[in-house]
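What follows is one structure encoded as structure tokens, with my remarks underneath.
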Amino acid sequence: MPGRKRLLLALRSILLFAISFAYLWSIQRLSPSMPDTDPYFHIKVADLIRERGLLQEFPWASFSLWRDAYFDKDLLFHLLLLPFTSLGLMFGAKVATAFFGALALTFFYVTLSLSGVVFPSAWTLLLLASGPGWFSRIIVLRGYLLSIAFCVTGLLAILKERPLLLFFITALYSLSYNSSFLLPLFAALYLILSFFYAARATPLKLLICSVAGLIAGIAMHPHRAAAFKNLVLQNIEVLFNAWNGDGKLRMAGELASYASRDLVYYNAGYLAAFFLSFAVLVFRGIRPALSEALLVTLTSAFFALTLVTQRFVEYWAPLQIWLLAILISRTFESGWRKRFAAIAVVASASLLIPYSDGAIRKFYKTLREPSSRQAAEWLASNAEEAEVVFTCDWDDAARLFFYNDKQRYLVMGDPLYMYGWNREVWTEWNRITANAPDDAAQKIQQDFGARFVYCTKDFGRIISRLANDPHASIAFEGQTDIIFKLHAAEPRQGWHSRSGVIIKSGWQVAGVYKPWAIMHPPPEGAEWEDLAPQAISSTGEIRLNRTSFGSKSYACAVLRNQSFSQQVLKVPWHQSYQLLISADDAVAVWALTAPERLLVRSLRGGNFADDSLTLSMPGPAFPNSLIFIVCNYTGEWGLRVEALFPESGPD
């Protein structure tokens, strides 16, 4: 390329970068927070590198592969983030997101320019405007922003047959992200396709140089000993479990497939470009060039992958727009046709901008600062240095780590880091958080050595279990999360709970919902005798008539003392004997509206369903006693009575 053209390309690239950065920064300013959990992890790691130098170990993920062999798969990305950490972590992360997003767009523009595309700026605009599917990827601070840049420039080096350039791009790629193996795959595919065109030595050199670049990058990596295992885990095991797993690993949503409607909504422009590309090839009626054949093969492959895993849109979208741009530029060779095609591209982009931009801005405005900040600060003040905090989900740790690196957590980045490290540990962790067994608090202390448990409130089952466990107490509660402190069973505030008997022992009681653990004294002025604990011994048979609540039986409870329950549970009372409980799979409001009638409102799934059941109580009436009636999920009914005794009460 002549010197003047290079200068013009450089100036245009700088201008496009500046415009892209300003635009992406305007989106970052819409929220004080960031989408996803990975940005919190990446900027924090960069900050630790700035303070301590390259990390040779990662003790903050104490139950994962990183515990024994840390591998920083985003090393170059983290090094490039170092200047942004001096701006403050949150602000710096947002500036970095706009910077690397603009960089990806600029690299795409340069790639189009060097591949002979007419009006590359218009095609770059079309890439951004063709749907929130790809747009939503470049507003998140993650290593794939560099990956996109290296992917398109490496592919350009293959198409231009520049082996040495491909070597350096692949080496840098392997230091920055875990998908650098794509370039050797692209080179191998180019070699295979070249046999159908003309036998030349250059495609073989490209393959050799790309493989050599991959090996060189790994050899330069300070954590190279763990490189192979990380590549296999991230690129094979992750996808294998996403495609063939049973969902128990609770992997990231980006690994799931699109619903048909979402596929069209998020990727309308790219889908149109995909079908239009084949229409142009049919219209031309001639054999595609080798470079076009490679792009057609790659876009078809990445489109198929996007259908089963959403995250592949990050590669499919730019390659798809690139293919269409090349086909249009080479098909319409006359000047007026090229101008008409360019006008059509600009018009399409203009029409799609409100669709794509509007969806992203609407999403970004909903982001709020995570309440995990307060939880992390509480842990920093109350937990010991380097103490392990049990987290209920794998992505909880990143935000806690961002605000607090004093404590240790279980696993970050992906649940497979724990699963691949020790399947027995993962199985126990999953059993505790998903099934909430009776011994959850004990197992957390014994198997994970943790005194504190952090959960977001969508983990209702384990939260309910710990809230009713005498070995746990709520230490912190935010708007969306909660921290429990685990301890040995001991009386609190002068009271302790004691389980009563199971009435009608012939009923199935396995897996019965555990009664509430009352941790507060009765309201001021109430006499203990008024609570009538002797009701247990004087109870006749209490029967819960079997009543259908749809297809499932819900955990249920009855509380027979208004003032005491109001003090304990702090529930607003709208009518007599109303109680809010958290069940294993439902939240239910129970109101005793008549002496022997209980109104049930189920909020499960957001739908209300009214049913009623009758309590048959042939034994003596005990108006002040505390009675829990419990059901399990098998259709069999179980019942447990919980009574409170003062410390000096009966054994």
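A quick note: this is a predicted structure, and the numbers were derived from the prediction, not measured.
- Residues S130 and Y355 form no side-chain contact, since every pair of their non-hydrogen atoms from C-beta on lies 4.5 Å or further apart.
- Note: M34 CE to Q28 CD = 8.5 Å, rounded to the nearest 0.5 Å.
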For this session: Test side chain to side chain donor-acceptor pair (under 3.5 Å) on Y266 and S136 and set out the steps.
Result: CA-CA 9 Å; Y266 287 107; S136 64; over 6 Å; no
Problem set entry | Working for side chain to side chain donor-acceptor pair (under 3.5 Å), residues Y40 and S33 | CA-CA 10 Å; Y40 294 88; S33 184; 2.8 Å; yes
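- Nearest approach of A104 to I148, heavy atoms of both residues: CB-CG2, 4.5 Å.
- With values rounded to the nearest 0.5 angstrom, S176 atom OG is found 11.0 Å from L145 atom CG.
- A side-chain donor-acceptor contact under 3.5 Å links K457 to the backbone of G478.
- The shortest non-hydrogen separation linking L352 to A129 is CB-O, 3.1 Å.
- Taken from NZ in K406 to CD in E377, the straight-line distance is 10.5 Å, to the nearest 0.5 Å.
- The distance between the ring centers of W316 and Y258 does not fall below 6.0 angstrom.
- Rounded to the nearest 0.5 angstrom, I474 CD1 and K485 NZ are separated by 14.0 Å.
- For CZ of R311, the number of neighbouring non-hydrogen atoms (other residues, nucleotides, ligands) closer than 6.0 Å is greater than 12.
- A salt bridge is defined here as a Lys NZ or Arg NE, NH1 or NH2 lying under 4.0 Å from an Asp or Glu carboxylate O, and E254 with R142 meets this definition.
- The closest side-chain heavy-atom distance from Y315 to S179 is below 4.5 Å.
- Rounding to the nearest 0.5 Å places CD1 of I321 at 12.0 Å from CD1 of I326.
- Aromatic ring orientation, F302 versus F186: perpendicular (interplanar angle above 60°, classes split at 30° and 60°).
- Listed here is the closest heavy atom pair of S329 and V117: OG-CA, 3.6 Å.
- A donor-acceptor pair is defined here as one N or O able to donate and one able to accept, closer than 3.5 Å; no such pair exists between the side chain of D357 and the backbone of I353.
- Ring geometry, F401 versus F41: the interplanar angle falls from 30° to 60°, so the pair is classed tilted.
- Under the 4.5 Å side-chain criterion, counting only non-hydrogen atoms from C-beta, L128 is in contact with I138.
- Taking the ring axis of F63 as reference, the NZ or CZ atom of R67 stays within 45° of it and closer than 6.0 Å to the ring centre.
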Problem set entry | Step-by-step side-chain contact (heavy atoms from CB on, under 4.5 Å) determination, V411 to Y417 | CA-CA 7 Å; V411 60; Y417 282 117; 3.9 Å; yes
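- Ring planes of W426 and Y419: perpendicular class, angle over 60° (limits at 30 and 60°).
- For the residue pair S26 and R361, the shortest heavy atom distance occurs at OG-NH2, 3.0 Å.
- Between W66 and F58, the two ring planes are perpendicular [angle over 60°; tilted spans 30° to 60°].
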Problem set entry | Steps toward side-chain contact (heavy atoms from CB on, under 4.5 Å) verdict (F452, W378) | CA-CA 11 Å; F452 296 99; W378 186 93; 3.5 Å; yes
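- Looking at W60, its side chain never comes within 3.5 Å of a backbone N or O of R408 through a donor-acceptor pair.
- The backbone N or O of P318 lies less than 3.5 Å from no partner atom in the side chain of Y270, so there is not a single donor-acceptor pair.
- Of all heavy-atom pairs spanning P222 and L54, the tightest one is CG-CD1, 4.2 Å.
- At distances below 3.5 Å, not a single donor-acceptor pair connects side-chain atoms of W123 with backbone N or O atoms of Y109.
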For this session: Could you give me the CA-CA distance, side-chain angles and deciding distance for V45 and L81, then say whether side-chain contact (heavy atoms from CB on, under 4.5 Å) is met?
Result: CA-CA 9 Å; V45 169; L81 284 175; over 6 Å; no
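- Q479 CD: 12 or fewer foreign heavy atoms inside a 6.0 Å radius.
- Using modelled atom types, one side-chain atom of S31 and one backbone atom of L367 make a donor-acceptor pair closer than 3.5 Å.
- Partners of R50 under the salt bridge (Lys or Arg N to Asp or Glu O under 4.0 Å) rule, at least two apart in sequence or in another chain, are D47.
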Problem set entry | Worked verdict on D447 versus V425 for side-chain contact (heavy atoms from CB on, under 4.5 Å) | CA-CA 8 Å; D447 298 342; V425 171; over 6 Å; no
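- A centroid separation of less than 6.0 Å is found between the aromatic rings of F99 and F84.
- Judged purely by atom type and a 3.5 angstrom limit, S113 has no side-chain atom pairing as donor or acceptor with the backbone of P120.
- The backbone N or O of A149 sits less than 3.5 Å from a side-chain atom of T153, completing a donor-acceptor pair.
- Of the listed residues (Y173, F100, Y144), just one forms a ring-ring contact (aromatic ring centres under 6.0 Å, His included) with F77, and that residue is F100.
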For this session: Decide side chain to side chain donor-acceptor pair (under 3.5 Å) for W322 and S115; before the verdict, give the C-alpha distance in whole Å, the side-chain angles of both, and the deciding distance to 0.1 Å.
Result: CA-CA 9 Å; W322 186 3; S115 58; 3.2 Å; yes
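- N404 contributes no side-chain N or O that, together with a main-chain N or O of L400, makes up a donor-acceptor pair within less than 3.5 Å.
- Note on ring orientation: taking the six-membered ring where Trp is involved, the planes of H223 and Y70 are tilted (angle from 30° to 60°).
- Within the 3.5 Å criterion, the main-chain N or O of P59 finds no donor-acceptor partner in the side chain of S62.
- Contact check for L80 versus L146: side-chain heavy atoms found under the 4.5 Å cut-off.
- Outside the 6.0 Å centre-distance limit, the rings of F17 and W25 are not counted as a close aromatic pair.
- Heavy-atom minimum distance, I432 versus F448: CD1-CE1, 4.0 Å.
- Inter-residue side-chain proximity for C455 and F484 is flagged as unmet; no heavy-atom pair is nearer than 4.5 Å.
- The local environment of CZ in F181 is crowded, with over 12 non-hydrogen atoms from other residues, nucleotides or ligands closer than 6.0 Å.
- Between the CZ atom in F228 and the CG atom in L233 there is a gap of 11.5 Å [rounded to 0.5 Å].
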